[in-house]
Amino acid sequence: MSNAPAEEIPAEEIDLTEANEVIDKYLTLPGNLMPVLQGIQEAYGYVPKPTIDLVAERLNVYPSQIYGVLTFYAQFHLKPRGRFIIRVCVGTACHVQGAERITETFFGRLGIGHAETTADLRYTFEKVACLGACGMAPLAMVNDDTFGKMTVQKVDEIIETYNARPMK
């Protein structure tokens, strides 16, 4: 695994078929920008730049307006994300129970830091303020799977488990 964060896929490699389908679905809906951007992100895993230009053209809005929405809401991502999103809670209960040690172990094992994605697009790592399960602290999640009472040893088990899973 490389330590380099993932870079945006060059524009010529983006197939806009799915983006056009999402736009077609919401084209006549008033206030359609948010559902269009959410649909595009669901289709691609992030909002690629060529889709922003396409949305601007087809919805007749300025690209700057679209970037305003994309950068205001934390739910949107402008860079490719990993197949597996690892989140480690660093809220008070998790912090007291050793979340920082868990976080540093993930950093060391994956070779990436907070909000970064591995070069092979397998993992994205995020520290989050609270996952709402303080009784299970320290807590980590991989996509929708929850891992409570985390230990350094469990970090290795989690990585081994998700390394064995297919990318799609």
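Computed from a predicted structure; not experimentally measured.
- V47 approaches L78 most closely through the heavy-atom pair O-CD2, 3.8 Å.
- With rounding to the nearest 0.5 Å, the separation of CD1 in I112 from CZ in R122 is 12.5 Å.
- Of the possible donor and acceptor atoms, none in the side chain of Q97 sits under 3.5 Å from a partner among the backbone N and O of C94.
- Put simply, the side chain of K154 gets close to the backbone of K149: a donor and an acceptor are under 3.5 Å apart.
- M136 and L131 fall within the same hydrophobic cluster, where Ile, Leu, Val, Met, Phe, Trp and Tyr residues are linked whenever their side-chain heavy atoms come under 4.5 Å apart, directly or through other members.
- Atoms CZ and CZ, on F125 and R109 in that order, are 12.5 Å from each other to the nearest 0.5 Å.
- In this structure, V90 and V128 have side chains that are not in contact, with every pair of non-hydrogen atoms separated by 4.5 Å or more.
- Of the possible polar contacts, none joining the T117 side chain to the L121 backbone as a donor-acceptor pair under 3.5 Å is found.
- Contact detail for G148 and L139: the closest heavy-atom pair is CA-CD1, 3.8 Å.
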Discussion item. Pair I86, L110 - check side chain to side chain contact (heavy atoms under 4.5 Å, CB included), show working.
Written reply: CA-CA 11 Å; I86 299 172; L110 299 175; 3.7 Å; yes

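- The minimum heavy-atom distance linking E18 with A43 is given by the pair OE2-CB, 3.7 Å.
- F106 and I85 fall into different hydrophobic clusters, where Ile, Leu, Val, Met, Phe, Trp and Tyr residues are linked whenever their side-chain heavy atoms come under 4.5 Å apart, directly or through other members.
- When all heavy atoms of P166 and R83 are compared, the closest pair comes out as O-NE, 3.6 Å.
- Using a 4.5 Å cut-off on side-chain heavy atoms (C-beta onward), H114 and F107 make contact.
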Item to complete: Carefully, step by step, assess I14 and L16 under the rule side chain to side chain contact (heavy atoms under 4.5 Å, CB included).
Response: CA-CA 6 Å; I14 302 293; L16 295 174; 3.9 Å; yes

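- One finds a salt bridge joining R81 and E126 here, because a Lys/Arg side-chain nitrogen approaches an Asp/Glu carboxylate oxygen to under 4.0 Å.
- Side-chain contact check for Y46 versus I40: every heavy-atom pair is 4.5 Å or farther apart.
- One hydrophobic cluster, built from ILVMFWY side chains closer than 4.5 Å, holds both V69 and Y44.
- With 3.5 Å as the limit, one finds a donor-acceptor pair spanning the side chains of Q38 and Q75.
- Counting heavy atoms of neighbouring residues, nucleotides and ligands inside a 6.0 Å radius, atom CD of E57 does not exceed 12 of them.
- The two residues N32 and L27 have their closest heavy-atom pair at ND2-O, 3.2 Å.
- At distances below 3.5 Å, not a single donor-acceptor pair connects side-chain atoms of D145 with backbone N or O atoms of M141.
- Looking only at side-chain heavy atoms (C-beta outward), L70 and I52 come within less than 4.5 Å of each other.
- Considering NZ of K127 and CD1 of I102, their distance stands at 13.0 Å, rounded to 0.5 Å.
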Worksheet item: After noting the C-alpha distance and the side-chain angles of Y26 and M34, does the key distance pass the side chain to side chain contact (heavy atoms under 4.5 Å, CB included) rule?
Response: CA-CA 10 Å; Y26 296 105; M34 285 294 284; over 6 Å; no

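- Rounding to the nearest 0.5 Å gives a distance of 5.5 Å between CG of L33 and CD1 of I66.
- Without hydrogens or angle criteria, Q41 side chain to H77 main chain gives a donor-acceptor distance under 3.5 Å.
- The two residues V88 and A99 have their closest heavy-atom pair at CG1-O, 4.2 Å.
- For Y123 and N163, the side-chain atoms include at least one donor-acceptor pair closer than 3.5 Å.
- Atom CD1 of I158 and atom CD of Q153 lie 11.5 Å apart (nearest 0.5 Å).
- Among residue pairs with one or both ends in residues 60-76, none qualify as salt bridge (charged side-chain N to carboxylate O under 4.0 Å, His left out); sequence neighbours excluded.
- For the pair R165 and Y162, the cation-pi test (distance below 6.0 Å, angle within 45°) is passed.
- Note: the hydrophobic cluster containing V36 does not contain Y62 (ILVMFWY, side chain heavy atoms under 4.5 Å, direct or indirect links).
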